[in-house]
Protein chains: 4
Amino acid sequence: MAKDNRQRLGRAEARDKLLRAAARVFLEKGRGATVEDIAAEAEYSASALYKHFSNKDDLFRCLWHRVFTEMIEVFTNEPPMDLPFVGRLKWTLYSIAEFAENDRDLFLAAMANSPIAESPMTLDEEFLEKHHQMRDAFNQLMSRGIEEGVLRDYDPATLAMAMGGSLQALTGHWALEGPFPLKPHMDDLIELFMNGAAKKPED
Amino acid sequence: MAKDNRQRLGRAEARDKLLRAAARVFLEKGRGATVEDIAAEAEYSASALYKHFSNKDDLFRCLWHRVFTEMIEVFTNEPPMDLPFVGRLKWTLYSIAEFAENDRDLFLAAMANSPIAESPMTLDEEFLEKHHQMRDAFNQLMSRGIEEGVLRDYDPATLAMAMGGSLQALTGHWALEGPFPLKPHMDDLIELFMNGAAKKPED
Amino acid sequence: MAKDNRQRLGRAEARDKLLRAAARVFLEKGRGATVEDIAAEAEYSASALYKHFSNKDDLFRCLWHRVFTEMIEVFTNEPPMDLPFVGRLKWTLYSIAEFAENDRDLFLAAMANSPIAESPMTLDEEFLEKHHQMRDAFNQLMSRGIEEGVLRDYDPATLAMAMGGSLQALTGHWALEGPFPLKPHMDDLIELFMNGAAKKPED
Amino acid sequence: MAKDNRQRLGRAEARDKLLRAAARVFLEKGRGATVEDIAAEAEYSASALYKHFSNKDDLFRCLWHRVFTEMIEVFTNEPPMDLPFVGRLKWTLYSIAEFAENDRDLFLAAMANSPIAESPMTLDEEFLEKHHQMRDAFNQLMSRGIEEGVLRDYDPATLAMAMGGSLQALTGHWALEGPFPLKPHMDDLIELFMNGAAKKPED
DNA sequence: AATGAATGAGTATTCATTCAT
DNA sequence: AATGAATGAATACTCATTCAT
């Protein structure tokens, strides 16, 4: 007699709902998040989850896959090459900011799962590779900057480390202290970065 | 009549052995590390562990406590004030390098457990506070630099973010790609940081 | 606009298809066979199965019912009484052979489900009774043989045990080693049964 | 306060207790027997079971292993060669009777798990091999009988089938109708096997 | 007649923890 | 000081079953 509260969604919608729920719950409870927790967050029963993912591991794998795929797209999506270096750097960081702000849960879940975070040794190959791809995209950006004579002749990896690390510290802060506009802070970091990295006339 | 291999260590040694084992196992298996795993790594039985720690949580609490206490000591151990700012910054970073290189397992375990890494919401109060202390120490350092007219008039938090983030990126890299001497890379990062952050004559 | 492949069979055909599928799957996977497995083997969805059987138990009950009913028919279908005893025995065994060879899946499923095979204590009453009926039919056959003075004055149950056991061993072998013509082997068993294994002087 | 009812047995005793319990429960409930059921029957908790067997499958594997190993010992334990053929046959059957009567649970569990019983296709290699060994031992016995001129010149496999099948029918009956002395029935079956069912003129 | 979406009740398995020795 | 034996409370996963379409 009681109204049947079951959702009756298409496969894709249900999958997406579950993945987003997983991200949220993962953020709250870490890897220890229960299948039940996740399903409940998505307003499903635990067993429903198994119609969409073959097991908990698979669920998380799909989550990381999705998130990192989007992240990599942002990172590797070449900025317009007619922009000067700083413009391109800003363009990339702003893309990241947009992704983070639009898809906060997914973005934070991804961050919380960065390689050093969870057991580095047990990382999937696939997973590590994604990280390398992102790092490489950043390195490349720096290399170009050097080639173009805009950046000083540092090891591009060092430059990427400095800029990337700052960025990560910023988003980490943003993760903990609640959402605030990221772009202004990015501008600061870029300026800071450039006024060190930028080739000065007197060099 | 096999010789009895049971360890008969003093309490303190046993405790230390267990804590270090915990750090190592935590690094390998993440939060999923079993009490049994840890005890085995320390060449103890699981039940022995309970003679030294009241439960698993306690064990980890002790681990983080110990690690962060040491870290904070490094961070807050005021460098000789007769050094110029850059000298003090270097002094601090070098101390970190030394700690990391001497106590790799403990250091890495601490990093893997940084606030954004594991579920931020479930962090112990005590734990979060330690993080704030570390951040504050870094902020303070920067504030002094500004006061002394060595650093440009940025928000100290931004400066700390840039330097701290770079540092974290470096140690993250060092964690994944095996041990290599940290100090030279730190020099690079400091130089990079300063040539952006340092007040220039024309400012 | 893909053509709708759904089956639209009459009730009886669908039922039969499902039962045969059940027999096959049961043989492959034993009692652990899933409703889904069975439905899939029959090229139906699991829910379709419930339109034909009220539940899994019912499905299996129907399967055993059907199989044992056919078996019993074979066993109790009186052979022409004008035949001599051996002729009647052969007639019965040949009927069994024909059933087995024509309906291999059903026959094997039935065998695999013989009383000692699956947990004897949980057998349905109905089910056990069928077994008794079959045994009794065999006993009866033997009793007649004795009455007619063709068989020695043994306990009919012992005779039935010997002949029935041999028969079961034969079909068991036939089940495992793939299909081969049963009748010649049956002839051998009958001869052996009648004349014994001991070498006689006149041999 | 309540008395601690925990057993405190040696590893071997506990293992044995669990295996025997498994046999009993298996007989009652078939393969569907719960780990909990089994543990309870052995007066243990379910988790205790996992200290002795890595999982349910392993438990059953060990059970069959043990049972079949004992059975094979009986079957392959050569009877004294100075006995005449019938004496040797009887000797073997009596050994089986003794095993069955002494270790009823284990014996019945083994029978209930004969190859055609549970899904023939999914049988472990190891398991099937044991069955072959038993069959071969019986075949061999028959071959010898033929060589010695005691048995007629039948295919040994046919002879083994007849005798083995009768035996299995007998023990099957014994399983269902409760324990009664096996040996007298075995004598009957042997006599029948040797001399046949047909009434001879001299009877 | 048939199916896809969804669920609840179970079940195997893991793991922190206790306790007698 | 240390351990082996044992357990209870989670938790992942399976599967029969229902129901709206």
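We name chains A, B, ... by the order of the sequence lines, and we start the count at 1 in each one.
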Using the criterion of both pairing distances under 3.5 Å for Watson-Crick and G-U wobble pairs, give all stems of 3 or more consecutive pairs involving DNA chain E. E:2-21 with F:2-21
Give a yes or no on whether a salt bridge exists between [X] and [Y], defined as a side-chain N under 4.0 angstrom from a carboxylate O.
{"X": "B:R11", "Y": "B:D16", "value": "no"}
{"X": "C:E28", "Y": "C:R24", "value": "no"}
{"X": "D:E13", "Y": "D:K17", "value": "no"}

Could you tell me the separation between the [atom1] atom of [X] and the [atom2] atom of [N], rounded to a whole number of Å?
{"X": "B:E36", "N": "E:dA16", "atom1": "CD", "atom2": "P", "value": "8 Å"}
{"X": "C:L18", "N": "E:dA2", "atom1": "CG", "atom2": "P", "value": "9 Å"}
{"X": "C:D37", "N": "F:dA16", "atom1": "CG", "atom2": "P", "value": "8 Å"}
{"X": "B:D58", "N": "E:dA16", "atom1": "CG", "atom2": "P", "value": "14 Å"}
{"X": "A:R15", "N": "E:dA5", "atom1": "CZ", "atom2": "P", "value": "13 Å"}

5' priority, DNA chain E, between B:G32 and A:G10 [closest heavy atom]: A:G10
Could you check B:F26 against B:F60 for ring-ring contact (aromatic ring centres under 6.0 Å, His included), going step by step and ending with a plain yes or no? CA-CA 9 Å; B:F26 177 80; B:F60 275 109; 5.7 Å; yes
Within the 4.0 Å heavy-atom criterion, would you say C:A33 contacts the bases, only the backbone, or no part of the nucleic acid?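 Since only primed, P, OP1 and OP2 atoms lie under 4.0 Å of C:A33, the category is sugar-phosphate.
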Tell me which pairs pass salt bridge (charged side-chain N to carboxylate O under 4.0 Å, His left out) where either residue lies in residues 50-60 of chain C, with sequence neighbours left out.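 Counting only pairs at least two positions apart or across chains, no salt bridge (charged side-chain N to carboxylate O under 4.0 Å, His left out) contact touches residues 50-60 of chain C.
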Any B:Y44 side-chain N or O less than 4.0 Å from OP1/OP2 of F:dA2: yes
Is any side-chain nitrogen or oxygen of D:R11 closer than 4.0 Å to OP1 or OP2 of F:dG4?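 For F:dG4, OP1/OP2 do not have a side-chain N/O of D:R11 under 4.0 Å.
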Run the side chain to side chain contact (heavy atoms under 4.5 Å, CB included) test on B:E41 and B:D37 for me, step by step, so that the C-alpha distance in whole Å, both residues' side-chain angles and the decisive distance to 0.1 Å come before the verdict. CA-CA 6 Å; B:E41 171 78 22; B:D37 288 340; over 6 Å; no
From CA spacing to verdict: side chain to side chain contact (heavy atoms under 4.5 Å, CB included), B:V35, B:N55: CA-CA 9 Å; B:V35 169; B:N55 52 37; over 6 Å; no
In residues 46-56 of chain B, which ones come under 4.0 Å of DNA chain E, going by heavy atoms? B:S47, B:Y50, B:N55, B:K56
Distance in Å, C:L19 CG paired with C:D105 CG, rounded so as to fall on 0.5 Å steps: 12.0 Å
Enter the distance from C:T34:OG1 to C:I38:CD1 here, rounded to the nearest 0.5 Å.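 Between atom OG1 of C:T34 and atom CD1 of C:I38 there are 7.5 Å.
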5' priority, DNA chain F, between B:S45 and D:E43 [closest heavy atom]: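 Nearest nucleotide further toward 5': that of B:S45.
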